[in-house]
Asker: 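Attaching a single structure in structure tokens format; questions to follow.
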Protein chains: 2
Amino acid sequence: MCKRLYFCIQIKKMKRITINDIANNLGITASTVSRALAGNTRVSIKTRGLVLAKAKEMGYQQNVLASSLRKGTSGTIGMIVPRINRHFFSNVISGVEEILNPTGYTLLIAQSGESFTKEQKAVDMLLANHVGGIIISLSVQTQSYEHIQRAIDRGIPLVQFDRINPDIDSAKVINDNFTGAYLATKHLIKSGYKEIGHFTGTLSLNAYAERYRGYAKAMSESGLKINERFVYADAITREAGYNAIVNVLKEDNKPDAIFCAGDYAALGVLDGLKEMAIKIPDEFGVVGFANEPFSELIHPTLTTVEQNAFEMGMRVAKAMIKNLEGKPGREQETISTRLIVRDSSWRGDSVK
Amino acid sequence: MCKRLYFCIQIKKMKRITINDIANNLGITASTVSRALAGNTRVSIKTRGLVLAKAKEMGYQQNVLASSLRKGTSGTIGMIVPRINRHFFSNVISGVEEILNPTGYTLLIAQSGESFTKEQKAVDMLLANHVGGIIISLSVQTQSYEHIQRAIDRGIPLVQFDRINPDIDSAKVINDNFTGAYLATKHLIKSGYKEIGHFTGTLSLNAYAERYRGYAKAMSESGLKINERFVYADAITREAGYNAIVNVLKEDNKPDAIFCAGDYAALGVLDGLKEMAIKIPDEFGVVGFANEPFSELIHPTLTTVEQNAFEMGMRVAKAMIKNLEGKPGREQETISTRLIVRDSSWRGDSVK
DNA sequence: GTATTTTGTGCAAACGTTTGTATTTTTGTA
DNA sequence: TACAAAAATACAAACGTTTGCACAAAATAC
């Protein structure tokens, strides 16, 4: 590798300080140093102080790899999200780090890109890296769950969040999608809209199923009938939202409001309505879901449901830590959502 | 730990398959298995096939920890960004993963949150985790660089991107901030604005310094003088942009356009202008930087400079791999930027 | 046919910890 | 002072790889 010594000398990596170095320096043995650093009471308080001081002096840094190898468990938590550049997910990540970092755990993040194969690979990658636990939000494609089971079989803790599979035995943290959707729909009703449609994502994902459930509940509770022709279950992108609204307004029987299960779809709906010169909110109401940053910046500002992503992240991390500490903790937690009323839906009390 | 055996049985982790298991099973030795799995030609093609088949059959997964420990270098790359939930950074991350993942490297992401202390801690965390390399974009606070030097001294490859320190000896990938800013300012001039101000971030960061340089070049080239009272070097947030524009328009001598070094500041400027009922772009021109997703959604749509974040990420990853493979590679690469003209600045050829 | 090279494996040490057990030192008690 | 108990430390094995070196068997050369 290194043909000539004098080349190596300058390139050579600075040798890391190990516990053996400290031990030799202090004239004690490595095991004592190890225990001292761990704060084990079996080593005298005097030696502990000595070791700590010397470690600092020599610039010792634990070799996490060696430690994990010996202990059989690493302080790394793996996290799989569909996309890191989604406002919601990046904020969940921040929330997780908020709790995890101070405890010394480190987070290994992987993206599934909404692809099942990539999700599988991500799980295997995390397992190969001996993560101590896995946090996951399923991709839209995911329909089979052996990869998840593989992780569980390994005995490593699993926490699902947002896009979960209820049948998998693990801790779960979800948004209160039901209530959010319920309130959003109720709000549209209160605002005087009668023919309310719903654009959402695949109902095989619990998040979307719950939003549909909330929508349906609000409708039936107010004696309104759902027109299934106003319901699209594959409309979560801007483009899909646009296509759906254009499509649905072609019919004789038209809706006068749409509750979208995502802000991007709502954005597409607004695009379509503007194109058709339909007045918002006078003639048509729109509500989104997620409170994406753009939702308060567009015109009209978009009524939407806020999910507390950061809070969710913190709860996820806490659930993970609980599991890592050996406490069972297979509970399902729910993070509350909040309706934010803006211009795209509120016609004032007048209509009420 | 486990007081009662029959409790352990069900909780017990499934034992991992090691190369020793494969070796025993095949009646050969672990070193041969190791070599076979690595595709070493010193083991016969026959044995290699046997080992590979058996490994697959037994569901072998390499213990990355042990491997890294022995090899003294891990296949993990650490990446430190100011904030993960910024459109630009999350896209750079995606770009890095695009290149890194297929090669088997894994990415450990840490956030500095624009805090110097957190950045230092992040570096130490990555070093403790024996990352094979570090990719970093400096926080705005960072003024001292011992932590970076610490990493370099360890001999691990470093790649800086976007917010770099030119004095640190490492590979660097930056945006063509100069040209972007130059074109943006030129465009404003072409659009007929004469008194063009500049709202930017701390000029100690090269990215902002370069944008200033581009702005200055365009101005002087067109024979326009920079009024330093129209230049704010601490205005990168929406709020700061708002305050700055309100402030600057109080004076007798007013600008008629602002080139902002960030879209958020530009957003604040638009807020202020709208509040003061100043017509955009007729009376006042605004250009941002970054092409944040919201910039094409707001009213008026914002002229801005696009940075190719994903491309940048891929280049960063390639530079890292080059370094990991032992090739020196301390070059500085520049990713081109592109002006996107929208409604906030273009008064048409009429004015020209 | 022997000598030499090539090819394929095995052996054992090493990476830096952790941890059960053994050993030494200290302390307390009779 | 002797002797047990307690406290502090040392010893050594283990975690799962990788890799230099040794060795045997096969292939080639003379």
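A, B, ... follow the sequence lines: proteins, then strands. Residue 1 opens every chain.
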Asker: Can you pull out every salt bridge (charged side-chain N to carboxylate O under 4.0 Å, His left out) where at least one residue sits in residues 45-63 of chain A? Sequence neighbours excluded, please.
Answerer: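 Pairs touching residues 45-63 of chain A that pass the test: A:K54-A:E57.
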Asker: Using a 4.0 Å cut-off on protein heavy atoms (strictly under), produce a 5'-to-3' string for nucleotides 8-14 of chain C with B for base contact, S for backbone-only sugar-phosphate contact, and - for none.
Answerer: BBBBBBB
Asker: Over all strands shown, is A:S67 touching base, sugar-phosphate only, or nothing at heavy-atom distances under 4.0 angstrom?
Answerer: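 Sugar-phosphate: the residue A:S67, judged by heavy atoms under 4.0 Å, touches backbone atoms but no base.
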Asker: I'd like to check the side chain to side chain contact (heavy atoms under 4.5 Å, CB included) partners of B:E146; sequence neighbours left out, ordered by chain and number.
Answerer: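 If we apply the side chain to side chain contact (heavy atoms under 4.5 Å, CB included) test to B:E146, skipping adjacent residues, the hits are B:S144.
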Asker: Rounded to the nearest Å, what distance is computed from the CD1 atom of residue B:I19 to the C1' atom of nucleotide D:dT19?
Answerer: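 B:I19 atom CD1 is separated from D:dT19 atom C1' by 11 Å.
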Asker: Can a salt bridge be assigned to the pair A:K322 and A:E331 using a cut-off of 4.0 Å between side-chain N and carboxylate O?
Answerer: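 Yes, A:K322 and A:E331 are salt-bridged.
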Asker: For B:Q111 and A:E97, work out which heavy atoms get closest and say how close.
Answerer: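 Closest heavy-atom pair between B:Q111 and A:E97: NE2-OE1, 2.9 Å.
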Asker: Could you go through nucleotides 23-26 of chain D and list every protein N or O atom that sits under 3.5 Å from one of its N or O atoms, giving the distance for each pair?
Answerer:
none

Asker: Sequence neighbours excluded, which residues qualify as side chain to side chain contact (heavy atoms under 4.5 Å, CB included) partners of A:S31?
Answerer: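 For A:S31, the residues satisfying side chain to side chain contact (heavy atoms under 4.5 Å, CB included) (neighbours in sequence not counted) are A:T29, A:R35.
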Asker: Would you call A:K318-A:E98 a salt bridge at under 4.0 Å N-O?
Answerer: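 So A:K318 does not pair with A:E98 through a salt bridge.
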Asker: Is there a donor-acceptor contact under 3.5 Å linking the side chains of B:R154 and A:Q61?
Answerer: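 Yes.
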Asker: Which side-chain N or O atoms in residues 128-141 of chain B pair as donor and acceptor under 3.5 Å with protein atoms at least two apart or in another chain?
Answerer:
from, atom 1, to, atom 2, distance (Å)
B:N129, ND2, B:M125, O, 3.0
B:H130, NE2, A:R16, NE, 3.2
B:H130, NE2, A:R16, NH1, 3.3
B:H130, NE2, A:R16, NH2, 3.4
B:H130, NE2, A:N63, OD1, 3.4
B:H130, NE2, A:N63, ND2, 3.4
B:S137, OG, B:F161, O, 3.0
B:S137, OG, B:R163, N, 3.4
B:S139, OG, B:Q141, N, 3.1
B:S139, OG, B:T142, N, 3.3
B:S139, OG, B:T142, OG1, 2.8
B:Q141, OE1, B:F116, N, 2.9

